[in-house]
Protein chains: 2
Amino acid sequence: MAGVKKRFVIPEEIRVEVEEKGGFERIIKELPRDEIRMVAKVMNTLSDPQRVKILYALKRQRMCVCMLRKVIGSSYSRCSYHLSKLKKGGLVHSERLGNYFIYSLTPFGKSIVKHFKKYRPEVRT
Amino acid sequence: MAGVKKRFVIPEEIRVEVEEKGGFERIIKELPRDEIRMVAKVMNTLSDPQRVKILYALKRQRMCVCMLRKVIGSSYSRCSYHLSKLKKGGLVHSERLGNYFIYSLTPFGKSIVKHFKKYRPEVRT
DNA sequence: CAAGTATTTAAAAAATTTTTGAAATATTTA
DNA sequence: TAAATATTTCAAAAATTTTTTAAATACTTG
């Protein structure tokens, strides 16, 4: 009949474990929604190798856009697009120096770059 | 004239810093290409809030697909799509239990989830 | 073995992201 | 002030990712 919700069944072996933790609904309710959103946002900002490369380069040395575009091998506008994403994500910031814009890591950007090594599968423990 | 490469100019203030580090070319050459590729890959796998949510849920409790799809509120096939991405990224693995597939974090997956808190801007130091 | 359940796969459609190329800005220099 | 330089912005095109729907698998149970 229409509108009948089919009850879903958790396999026995798993249900035991779930009950020990206060039930499925509770596990769901206790997920840290804000943290999840933030993590996904940062991950998304860095989901492109060129943007990650920019971050690595800036970790070593602040640079103007004409340098950064050499680093990733791209046009100005492409580089600018990536930089604006990184900026919107709060990872880099820029200041004008004459005709140039000098980009560098924000404290937040630095704190993240610091943990990059965690993302090498070699680290599997 | 055609084919003339325009030499790019690094602003004075920056060039001093760059020379101290052995020059621009060297900075570029020493970027850890493999690490950059790996970082971007992991970030890319987790660039979606639903996938991050799955990881958080699995950190707490191994689950079958019918549970995970409730967690993220989606259809089977959508959930399956995300799971296959996570699997391809080496973050989760699955084992059959009768009619069910039970998903859980790989050691690599666990090692990464462990560092999620780093990705909250509140952590800015 | 037929029917039911859980899940995956495949293909097409929809949505999002990235790239490109041209034009707009702002600053410096002649 | 005109010309040159560095960079951004915008809109269209191209590429990629995600969603949807339907069909295919594989296991379990009657």
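Letters A, B, ... are given to chains in the order of the sequence lines, protein chains preceding strands, and every chain is numbered from 1.
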Does the dT9(D) base have a donor-acceptor partner in the side chain of Ser80(A) within less than 3.5 Å?
no
State which of dA6(C), dT20(D), dT19(C) makes the closest approach to the side chain of Tyr76(B).
dA6(C)
In whole angstrom, give the distance that lies between atom CG of Leu83(B) and atom C1' of dT8(C).
11 Å
In this structure, how many angstroms lie between the P atom of dT28(C) and the CD atom of Glu12(B), rounded?
16 Å
Check every atom of dT5(D), dT20(C), dT19(C) against the side chain of Asn99(A) and return the nucleotide holding the closest atom.
dT5(D)
Any idea which of dA26(D), dA6(D), dT19(D) is nearest the Arg96(B) side chain?
dA26(D)
How long is the line joining OH of Tyr81(B) and P of dT17(D), in whole Å?
7 Å
Nearest-nucleotide wise, let me know which of Tyr103(B) and Leu97(A) is further upstream toward the 5' end of DNA chain C.
Tyr103(B)
Taken to the nearest whole Å, CZ/Phe8(B) to C1'/dA4(D) is 18 Å
Could you check how far CD of Glu13(A) sits from P of dA6(C), rounded to whole Å?
17 Å
Under a 3.5 Å distance rule, please check whether Thr106(A) uses its side chain to pair with a backbone N or O of Leu91(A) as donor and acceptor.
yes
Measuring from Glu30(B):CD to Arg26(B):CZ, what's the distance to the nearest 0.5 Å?
4.5 Å
Over all strands shown, is Lys85(A) touching base, sugar-phosphate only, or nothing at heavy-atom distances under 4.0 angstrom?
sugar-phosphate
So for Ser75(A) and dG21(C), does any side-chain atom that can act as donor or acceptor lie under 3.5 Å from a complementary atom in the base?
no
Please check the phosphate of dT20(C) (OP1 and OP2 only) for any side-chain N or O of Arg78(A) closer than 4.0 Å.
yes
Given atom CE of Met43(B) and atom C1' of dT17(C), what is their separation to the nearest angstrom?
18 Å
Length of the line joining Tyr100(B):OH and dA6(C):P, which is rounded to integer Å:
5 Å
Answer yes or no: is there a donor N or O on one side and an acceptor on the other, between the side chain of Thr45(B) and the main chain of Gly89(B), under 3.5 Å?
no
Looking only at the side chain of Cys66(B) (C-beta and beyond, no hydrogens), which of the listed nucleotides dT7(C), dT17(C), dA26(C) gets closest?
dT7(C)
How would you label the contact of Ser84(B) with the nucleic acid (heavy atoms, under 4.0 Å): base, sugar-phosphate, or nothing?
nothing
Side chain to side chain contact (heavy atoms under 4.5 Å, CB included) with Cys64(A): which of Phe101(A), Tyr103(A), Tyr100(A)?
Tyr100(A)
Below 4.0 angstrom from OP1 or OP2 of dT18(D), is there any side-chain N or O of Arg51(B)?
yes
Do other residues, nucleotides or ligands put more than 12 heavy atoms under 6.0 Å from Lys21(A) NZ?
yes
Using modelled atom types and a 3.5 Å cut-off, is there a donor and acceptor pairing between side-chain atoms of Ser80(A) and backbone atoms of Ser77(A)?
no
Name the nucleic acid region contacted by Phe101(B), choosing base, sugar-phosphate or nothing; use a 4.0 angstrom heavy-atom cut-off, strictly under.
sugar-phosphate
What is the distance, rounded to the nearest whole Å, between atom CD1 of Ile72(A) and atom C1' of dT19(C)?
11 Å
Flag yes if Val65(A) and Leu97(A) sit in one hydrophobic cluster, no otherwise; membership is Ile, Leu, Val, Met, Phe, Trp, Tyr, and two members link when side-chain heavy atoms are under 4.5 Å apart.
yes
Could you tell me whether Cys79(B) contacts a base, only the sugar-phosphate backbone, or nothing, with contacts defined as non-hydrogen atoms closer than 4.0 Å?
nothing
Hey, is the side chain of His82(B) poking within less than 4.0 Å of OP1 or OP2 on dT19(D), counting only N and O atoms?
yes
Would you please indicate if the ring centroids of Phe24(B) and Phe8(B) are separated by under 6.0 Å?
yes
Could you list by number each residue of residues 55-63 of chain A showing a heavy-atom separation from DNA chain D of less than 4.0 Å, or answer none if no residue does?
none
